[in-house]
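See structure below.
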Number of protein chains: 2
Amino acid sequence: MTLEQVARRAGVSTATVSRVLNNVGPVRSTTRARVLKVIEELKYSPNLHARSLAGGKNRSIGVIVSNIENPFFLDIYKAVEEQAHSAGYELIMANTDYRADRLTASIRLMIGRRVAGLAAIVSEMDSNLIEELSGYRIPVVFYDVGTPRRNITNIRVNYRSGMEKLVSYLYTLGHRRMVFVGHHAALGPINERLRVLLDAVQRFPSLRVETAADTDTLDGGRRAARAALSACPDLTAIVCVNDVMAVGVLRELRDCGLRVPEDVSVTGFDNIKLAQYCSPSLTSVHIPRDEIGRIICDCLINEQNKLLEREFVLDPELVLRDSTGPASARNGAPEHALDASVTPALDTARKL
Amino acid sequence: MTLEQVARRAGVSTATVSRVLNNVGPVRSTTRARVLKVIEELKYSPNLHARSLAGGKNRSIGVIVSNIENPFFLDIYKAVEEQAHSAGYELIMANTDYRADRLTASIRLMIGRRVAGLAAIVSEMDSNLIEELSGYRIPVVFYDVGTPRRNITNIRVNYRSGMEKLVSYLYTLGHRRMVFVGHHAALGPINERLRVLLDAVQRFPSLRVETAADTDTLDGGRRAARAALSACPDLTAIVCVNDVMAVGVLRELRDCGLRVPEDVSVTGFDNIKLAQYCSPSLTSVHIPRDEIGRIICDCLINEQNKLLEREFVLDPELVLRDSTGPASARNGAPEHALDASVTPALDTARKL
DNA sequence: TTGAAAGCGGTACCAG
DNA sequence: CTGGTACCGCTTTCAA
């Protein structure tokens, strides 16, 4: 079904059909009606490839994420989608599974599709790619990696601040021996969450931190917890790189007969919905996905050029729930710590 | 950056560059090398719109789902993605949020993009649309709706069987008063899970079932549980349309001070990963997302024409975990039921 | 082994 | 208001 067939059947030119389709230019209403009728009869739907080739424009924006199974990424995707849709844009999603080769392929794909803008919510971005992206003329927003340059905007979260709040909170509760659970991509020397945690640790006397890593999944969290416990049997707190892994950790601890928070405290990061629904609910650090989505759309769609080529820094907030409590000498007296569990009302979170 | 610019810079024709790009036809290796070099220098990436317009082909398949936030849909998406990728296809995803208008728009979008095949994992499909889709010449796979016809394959799950297993299991445990928690789209008169549950109920003497509905989210499950409890205070079991809502239900019960399964039994459906990670772990009915993904790819990509235009029926399996136990007269003696909680080993599930 | 040229299905400009 | 037509960037004969 093509424009031309529609035109012929309606006894008009392709130009006229195009005008009707796009609601531009003057068309006599009887003509319009006739064309519309034919379109309906033929169930014609325009070839979008031809359209964007001819028009040179493309109302679609690309979103690349590291792990679509992690609700953190999905939330951002949804936030972008909502605004994009109401501005008449379509989203094209790509998932990299934290793999650099898939990222490269995804970027090429987006460029090949000539997206109007690109958001890369990934942690595995390398600087060559960033350089290359800057070369194409489309607006790009990075989350968490890179620095502003031509056509490129950056959004980053002040992990330092978040981690410091978290660690100092745990320290105050008496925790001195903790394990950081990350996923592989988060344990590279470049990774900010880990680095920042280690930095924070320096400032607290007699605080020691080990690390454990696995995949960024529930199963990964569970395995990492197992590794953490065997590597560091006297730990009193497990600090997780995100909430998904933390839920996996909770599960493993339950299986080991360890109570949270009485025996071990657990913290997440991101503050996804699930953090409120797991048991016990998770102390976490809130990262505002809605706001990230909003900024992305402002840069990519509304093209606030003042917004482009700059850096946004978001300050995360600590959210206290039921998975953290005073440290206890678990090996000695687990019955020591009987204080922490209060089941709060509907919105259980206390913000700090 | 266009083919022509590359051609000019390499001193060859566009036809030759095209041959190099697609690895077809004879090209002298020195020529090939020269072209490749220019492509690299210019960081040329072909305009995919032009390509599929000219070639008439399109190695991409469309996947439409009702609610991408529900891991059930995401699992299918991922299963399809994996196979599609290894066959050199790209996926285009669209999410309808259970809205018919969004479904229509998504289908038009996919048709407009001239996808090679389309999978519709949605429950809100209407028969006009199915008719229309059959008219386009592309292979289509539906999950859960419609019947086979030209170019159309159907996958459906034998919910009847699954629900009957679930209900008879609960009945055996003594439950006589239960509430079915669904999302709005699952409570229409057409919906199979509900209908089948109500049918099953007929066969069990003195079993009564109420219904409650909310959105297909964790929050929705929680609100539905609240509604269920107030509508039917003496319930002993809550049967949920899926695992996500069941996790929401668990949370609300916990807040109400009701123990699962001692006071109330809860069941999910789908058997997503989270069912193993919530607390208590969820008794559920397994729907094999991997197999669904496999069938979709077989029909859409490998185009096993024998597979097309037929119907696949999957038989779901009951998976027992810790969220179900004997019914107890909760209003009378909650301390009655102290039996059910055994924390099992790594894979906690017992299949029936 | 390579190049010239005819489309693919639209858009948009320019006449009429 | 409407039609003719020159592209958009790439694929694919057909000749050379």
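At the heavy-atom level, Ser52(A) lies nowhere under 4.0 Å from the strands shown. When heavy atoms are screened at a 4.0 angstrom cut-off, Val12(B) is found touching the sugar-phosphate backbone but no base atom.
With sequence neighbours left out, Arg102(B) forms a salt bridge (charged side-chain N to carboxylate O under 4.0 Å, His left out) with Asp97(B).
When ring centroids are compared, His183(B) and Tyr98(B) come within the 6.0 Å threshold.
Annotation: of the two residues near DNA chain D, Ser45(B) and Thr31(A), the 5′-most nearest-nucleotide partner is Thr31(A). Two residues, Arg32(A) and Tyr44(B), neighbour DNA chain D, and the one matched to the more 5' nucleotide by heavy-atom proximity is Arg32(A).
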Would Arg294(B) and Asp298(B) count as a salt bridge (charged side-chain N to carboxylate O under 4.0 Å, His left out) here? Give the steps.
CA-CA 6 Å; Arg294(B) 197 182 50 65; Asp298(B) 283 352; 3.2 Å; yes
Pair Glu124(B), Ser66(B) - check side-chain contact (heavy atoms from CB on, under 4.5 Å), show working.
CA-CA 8 Å; Glu124(B) 66 275 21; Ser66(B) 285; 2.9 Å; yes
Check: protein-nucleotides 12-16 of chain D nitrogen or oxygen pairs below 3.5 Å:
| unit_1 | atom_1 | unit_2 | atom_2 | d |
| --- | --- | --- | --- | --- |
| dT12(D) | OP1 | Lys57(B) | NZ | 3.4 |

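Note on Arg149(A) versus Glu311(A): no salt bridge recorded, every NZ/NE/NH1/NH2 to OD/OE distance being 4.0 Å or above. Ion pairing between Arg59(B) and Glu90(B) fails under the 4.0 Å rule for side-chain N and carboxylate O. We find that Glu82(B) and Lys78(B) are not joined by a salt bridge, their nearest charged nitrogen and carboxylate oxygen being 4.0 Å or further apart.
Where DNA chain C meets chain B (any atom under 4.0 Å from a heavy atom), the bounding nucleotides read 5' to 3' are dT1(C) to dG9(C).
A donor atom on one side chain and an acceptor atom on the other are not found under 3.5 Å apart for Asp270(A) and Asn242(A).
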